[in-house]
There are 2 protein chains.
Amino acid sequence: MKPINVGLLGIGTVGGGTYSVLKRNAEEIARRAGRPIQVSVVADRDVEQTRRLTDGNCRVTDDPFAVVADPEVDIVVELIGGDDVAKQLVLQAVANGKHVVTANKALLAKHGNEIFAAAQKKGVMVAFEAAVAGGIPIIKALREGLTANRIEWIAGIINGTTNFILSEMRDKGLSFTAVLKEAQRLGYAEADPTFDIEGVDAAHKLSIMSAIAFGNSMSFERAYVEGISTLDAADIRYAEQLGYRIKLLGITKRTAEGVELRVHPTLIPTRRLIANVEGAMNAVLVKGDAVGATLYYGKGAGAEPTASAVIADLVDVTRMHTADPEHRVPHLAFQPDAMVDLAILPMAEVVTSYYLRLRVEDRTGVLADVTRILADHDISIDAMIQREPGDDEQQTDIIMLTHQTRERNIDAAIVGIEALAAVQGKIIRLRLEQLL
Amino acid sequence: MKPINVGLLGIGTVGGGTYSVLKRNAEEIARRAGRPIQVSVVADRDVEQTRRLTDGNCRVTDDPFAVVADPEVDIVVELIGGDDVAKQLVLQAVANGKHVVTANKALLAKHGNEIFAAAQKKGVMVAFEAAVAGGIPIIKALREGLTANRIEWIAGIINGTTNFILSEMRDKGLSFTAVLKEAQRLGYAEADPTFDIEGVDAAHKLSIMSAIAFGNSMSFERAYVEGISTLDAADIRYAEQLGYRIKLLGITKRTAEGVELRVHPTLIPTRRLIANVEGAMNAVLVKGDAVGATLYYGKGAGAEPTASAVIADLVDVTRMHTADPEHRVPHLAFQPDAMVDLAILPMAEVVTSYYLRLRVEDRTGVLADVTRILADHDISIDAMIQREPGDDEQQTDIIMLTHQTRERNIDAAIVGIEALAAVQGKIIRLRLEQLL
């Protein structure tokens, strides 16, 4: 049977993994796909190294634009990253009638609407399993495995760097800064870790999942994004005492008022399976109205786990590329003419529970003042710890968990409490989800 | 767009769930599938009740054979169960050119090879996501999500009844018999629970996953099957002290000598995520050479979770039914002409670790005799507890964990140890897996 020819753009970490897994498992992959899948050309800036890596088994070029125009190429695999050149390449590949497989979450989160519309028009597939949660087949689960359901919400640990940092902070009682340095030394964090630690990478992935779950257009620019760089080890300890663990979650939820789309550190009950996902691992919890909660867990990054997702897409496209475009699986789970434009809820309108930590003077009446302000804003308290002050201390910490309330109520209450004379400095506020 | 017409065979628990979810989420399902999916006829013995349930919205009959021959029906959903009439119905539906969706694990485990060959020949699809682990899209993950990988092994908690019983035994320190009664009262166990508690149901599901993972023909009749009905609460306690939890696992593994296919109670390290899957929940851990370990978790039974899988298959078939049969996803992940017939390894040849509990007289030299016999069979000890005898006791328990060894070595060593005068009664032997 005639092989499928792949044009590989970029042979760095994921590209190298893809090349090597395609070669190592060639026989088994062909048995599944119905025909061999071979890399026929690779474009990479470093032509010399690419020649060494591919060892004469395929053509090598430094011009990715030649690859997307190459008549021999059936499927273009875009692993260059970024959203400038990558966007041009993907759109040109589509215009040339090529199917595309990409791991580029930033590209899809920002330009997905445009790219999928172009692919739809041209009758080609743009597959992107590798863009979310690495090797975990979560796009397939959402797009095909859970189609019976009205999906209610998704909550995911979808950034390995931050989960590694949070696990180490809890495990070793270290500060964020100390663990970040260690993570950089071990290769779990990049030299410039901003995208990971500030939640942007997670927000890219969350936006993609949200679109597929709700049949909504990509809405990355409207996501609420808060990272972990200001998280204090003390709050991890207090949360633990209260039976909670802190994870950086990407949460998207369908409500009557709009879609929630938010990334932030979140307290979750320690007894939940997802609370026990440690180190650089990823996990996504999906709540459907028929199936209930299902969880998907695995490696969210790395050469071969990501290659696993890239190649799964290659096999999918190979199996289906002769199918009538109208009868393929839709890119975003819903048929293109059945996508909608749901409003994204502003963070102030989100309803959730909260963890508050206050530093207060150790004197009579402070707690009464604080709880009065909360009550005035209709916020009720679910649990509280007041730490006993040390012998020389005049101040102490109060930690409170609230019942569900609207974010703008908490915002207002915090302003009120911070204005009290007995309250020192800023209040630490984290969000809390039961995930039930 | 013309609706897809479903003929539903059986409207019991899962059939009722399927009917009601199809109706409740009709709009969202149509937006995903590209056209409405409607039940046009239901066959059930209880025609009166079926009329009430379907309330004039579709035809009702007590003759399932009329449904599989009905020219209006596009897809037959078989939810009758058993492997006698169900087999005839599925084969006739296929012969009549209908696609089939079934939740019937016993049918596929026993007659899958014949059914898939018939479907292949006729160019129709037989989909069966609901046959394994209820609402968890594990068939899709194995067949499509992990196609890049050489799958090394699968270990699954794939029977909710037994997982509920084991969770309760550990939680409350109760005996198997006591918890079984409670499970029956709560509806978690059937009046005749044999299939569940003896591991047969798990073996059906395991056989299906094994075929898909390795491209092997269905080999249920060669599986090793051991249930939990003789499991003692004492062993759950001792395992816990050693850092392990006991789960009924279905395990299939590819080795150089053949495929392991076995269901038995298994000690697994408590810190593994899968060890913390409690109650009636299911979870499947899959190890691929590229992706590493991925885990899939959710409800393995119940009306709507199972309906979720049935309907996902209906959407899949609807999306793909016009595709050229050669370019559809193969039933068993591998192309029909690329399936192989790998040998199933006899249990005596399986290599794993063991938990042994011996009741011995409390006197000098016993332990030396026992460890000598183990050493003679090349078995080394990894951990040991010897319980201190009570004041009036002449006997005590020794619990040992071994390193990996071949099952026949343990069998021989057990015979030798049981022959020692100081050893009382039978030795309790359980298997242990690290799942790394």
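Every chain is numbered from 1 and lettered A, B, ... according to where its sequence line falls, protein lines coming before strand lines.
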Q: Against chain A, label B/Arg24 side chain, backbone, both or neither, depending on which of its atoms sit under 4.5 Å from a heavy atom there.
A: side chain
Q: Where does A/Ile274 contact chain B at under 4.5 Å (heavy atoms): side chain, backbone, both or neither?
A: neither
Q: Does atom NZ of A/Lys247 have more than 12 heavy-atom neighbours from other groups under 6.0 Å away?
A: yes
Q: Which atoms of B/Glu129 are under 4.5 Å from chain A, going by heavy atoms: the side chain, the backbone, both sets, or neither?
A: neither
Q: Should the heavy atoms of other residues, nucleotides or ligands under 6.0 Å from CZ of B/Phe116 be counted, would the total exceed 12?
A: yes
Q: Among A/Ile311, A/Thr306, A/Asp316, A/Val291, who wins on heavy-atom pairs under 4.5 Å with chain B?
A: A/Val291
Q: Do B/Tyr297 and A/Tyr297 have side-chain heavy atoms sitting under 4.5 Å apart?
A: no
Q: Would you name the heavy atoms of B/Ala148 and A/Ala307 that are closest together and state the gap between them?
A: CB-O, 4.5 Å
Q: Would A/Glu278 and B/Arg272 count as a salt bridge (Lys or Arg N to Asp or Glu O under 4.0 Å) here? Give the steps.
A: CA-CA 10 Å; A/Glu278 300 294 355; B/Arg272 299 277 179 275; over 6 Å; no
Q: Between B/Ala33 and chain A, with a heavy-atom cut-off of 4.5 Å, which part of the residue counts as in contact: side chain, backbone, both or neither?
A: backbone
Q: Hey, which of B/Arg31, B/Met339, B/Met281, B/Lys299 has the most heavy atom pairs under 4.5 Å with chain A?
A: B/Arg31
Q: Would you call B/Arg150 and A/Glu304 a salt bridge, using N to O less than 4.0 angstrom?
A: no
Q: Among A/Val310, A/Val315, A/Asn149, which residue has the highest count of heavy-atom pairs closer than 4.5 Å to chain B?
A: A/Asn149
Q: Nearest heavy-atom pair of B/Leu146 and A/Ser308: which atoms, and what distance?
A: CD2-OG, 4.5 Å
Q: Run the side chain to side chain contact (heavy atoms under 4.5 Å, CB included) test on A/Asn25 and B/Asp289 for me, step by step, so that the C-alpha distance in whole Å, both residues' side-chain angles and the decisive distance to 0.1 Å come before the verdict.
A: CA-CA 9 Å; A/Asn25 291 344; B/Asp289 69 338; 3.1 Å; yes
Q: If we check salt bridge (charged side-chain N to carboxylate O under 4.0 Å, His left out) with B/Glu144, which of these qualifies: A/Arg32, A/Arg319, A/Arg143, A/Lys140?
A: A/Lys140
Q: Working to the nearest 0.5 Å, report the span between OG1 of A/Thr147 and CD of B/Glu28.
A: 10.5 Å
Q: Looking at chain B, which one of A/Ala290, A/Gly215, A/Ser20, A/Gly298 has the largest number of heavy-atom pairs inside 4.5 Å, strictly under?
A: A/Ala290
Q: Which one wins on heavy-atom pair count under 4.5 Å against chain A: B/Gly134, B/Ala30, B/Pro305, B/Gly135?
A: B/Pro305
Q: Restricting to non-hydrogen atoms, name the atom on B/Ala141 and the atom on A/Pro137 that form the minimum distance, rounded to 0.1 Å.
A: CB-CG, 4.2 Å
Q: Let's test your reading of the structure: which of A/Pro330, A/Gly292, A/Ala293 forms the most heavy-atom pairs below 4.5 Å with chain B?
A: A/Pro330
Q: Go through the atoms of B/Val340 and report whether side chain, backbone, both or neither lie under 4.5 Å from a heavy atom of chain A.
A: both
Q: A/Ile37, A/Ile29, A/Ile136: which one forms the most heavy-atom pairs within less than 4.5 Å of chain B?
A: A/Ile29
Q: Please tell me if the side chains of B/Leu273 and A/Asn276 come closer than 4.5 Å, counting only heavy atoms from C-beta onward.
A: yes
Q: Should B/Met320 and A/Met320 be marked as a side chain to side chain contact (heavy atoms under 4.5 Å, CB included) after you check the CA-CA gap, both sets of side-chain angles, and the distance that decides it?
A: CA-CA 9 Å; B/Met320 296 216 296; A/Met320 296 215 297; 3.9 Å; yes
Q: What option among B/Leu314, B/Leu295, B/Thr294, B/Asp337 has the most heavy-atom pairs under 4.5 Å with chain A?
A: B/Leu295
